[in-house]
Amino acid sequence: MGDYLRTVREASGRVQRDMPYSSGHVSAVENGCSMPSVEMLRTYVDLGGDYKTIATFYAAARKATEKKKRQQRAAQRKLTNVASNEADDILTEFQKTIRKISAKIGGFSQTSYALIGQLEERLEKRQAELDDDDPLLTLLKNGSDDEWAGGF
């Protein structure tokens, strides 16, 4: 679509600065980096572009953009599910380790149990908030022990 729009603009004798949009936006649209608005497409029709050709290109570009967005959302859901599964595994391992320690030392004090309970609650809360930008997800992936101390 971008090449066609550039051809229409150039055939009309206009340069990007002559368009009623910033030259950066015109460039991005003509290079296929941005989707034009319907109003912008009308400008190209007014310059002599074929309405049906522009409409066909626009429909195809929108369809491709929607497909890409669906793929990105699916990938995001998959990442979140993987992170959630990793967090479940880590929490389960933590609970097993605490039980092993308790068995070896003959139990924990009430204060220790309270602190362990608070830590488990925080881990579960953070697990529920996991998303691609969450620092906990980064921590889970990297496994840095130093960050555990200051992260809670």
Side-chain angles (χ1 to χ4, degrees), residues 1-101 114-152:
M1 173 169 58
D3 290 337
Y4 178 75
L5 296 177
R6 180 181 303 108
T7 301
V8 168
R9 178 183 51 77
E10 290 173 347
S12 72
R14 307 253 175 125
V15 294
Q16 290 178 348
R17 288 186 311 271
D18 296 336
M19 298 294 284
Y21 303 93
S22 73
S23 57
H25 184 59
V26 172
S27 176
V29 167
E30 290 180 356
N31 286 311
C33 299
S34 291
M35 281 291 290
S37 65
V38 173
E39 293 79 21
M40 185 178 205
L41 292 175
R42 285 187 187 124
T43 302
Y44 283 94
V45 170
D46 292 344
L47 293 177
D50 179 62
Y51 173 81
K52 287 183 180 181
T53 302
I54 291 175
T56 301
F57 280 136
Y58 184 71
R62 281 195 49 95
K63 186 175 180 180
T65 299
E66 288 303 315
K67 181 179 179 182
K68 185 176 180 180
K69 285 181 183 178
R70 281 193 305 275
Q71 290 170 339
Q72 288 172 338
R73 286 190 298 267
Q76 178 64 37
R77 281 192 302 274
K78 186 175 180 180
L79 275 177
T80 300
N81 289 339
V82 167
S84 183
N85 291 340
E86 288 176 3
D88 284 341
D89 292 346
I90 289 171
L91 184 57
T92 300
E93 281 301 312
F94 172 74
Q95 291 166 337
K96 286 180 185 177
T97 302
I98 292 298
R99 283 194 292 275
K100 286 180 186 176
I101 292 171
L115 291 173
I116 291 168
Q118 288 175 2
L119 180 57
E120 285 179 335
E121 287 174 17
R122 287 182 178 179
L123 285 170
E124 288 169 357
K125 180 181 175 190
R126 295 289 295 274
Q127 176 186 352
E129 298 170 353
L130 278 177
D131 65 29
D132 196 33
D133 296 324
D134 189 350
L136 182 58
L137 177 58
T138 303
L139 178 63
L140 292 173
K141 287 181 179 177
N142 296 337
S144 172
D145 292 335
D146 296 336
E147 292 182 15
W148 278 101
F152 289 97

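Just so you know, residue 1 is the first one in the sequence shown, and it goes up from there.
Using a 4.5 Å cut-off on side-chain heavy atoms (C-beta onward), M40 and V26 make contact. A heavy-atom distance below 4.5 Å is found between the side chains of L5 and L41. The side-chain heavy atoms of K96 and E93, taken from C-beta on, include a pair separated by under 4.5 Å.
Remark: F94 CZ is packed, more than 12 non-hydrogen atoms of other residues, nucleotides or ligands lying under 6.0 Å away.
Between atom OG1 of residue T65 and atom OH of residue Y58 there is a gap of 9.0 Å, rounded to the nearest 0.5 Å. Here the straight-line distance linking atom OG1 of T56 with atom CE of M1 works out to 11.0 Å at 0.5 Å rounding. Annotation: the span from R70 atom CZ to K68 atom NZ amounts to 13.5 Å, rounded to 0.5 Å. Atoms CG and CG, on L47 and D18 in that order, are 9.5 Å from each other to the nearest 0.5 Å. Rounded to the nearest 0.5 Å, atoms CZ (R17) and CE (M19) are 13.0 Å apart. Atoms CD and CD, from E10 and Q16 in turn, are 8.5 Å apart once rounded to the nearest 0.5 Å.
S27 places no side-chain N or O within 3.5 Å of a backbone atom of S23 that could act as its donor or acceptor partner. Between the side chain of Y44 and the backbone N or O of Y4 there is no donor-acceptor pair closer than 3.5 Å. Panel note: side chain R14, backbone R9; no donor-acceptor pair is recorded below 3.5 Å.
Residues D50 and T53 approach most closely at OD2-OG1, 2.6 Å, considering heavy atoms. The minimum heavy-atom distance between V8 and G48, with the atom names listed, is CG1-C, 4.3 Å.
A donor atom on one side chain and an acceptor atom on the other are not found under 3.5 Å apart for Y21 and E39.
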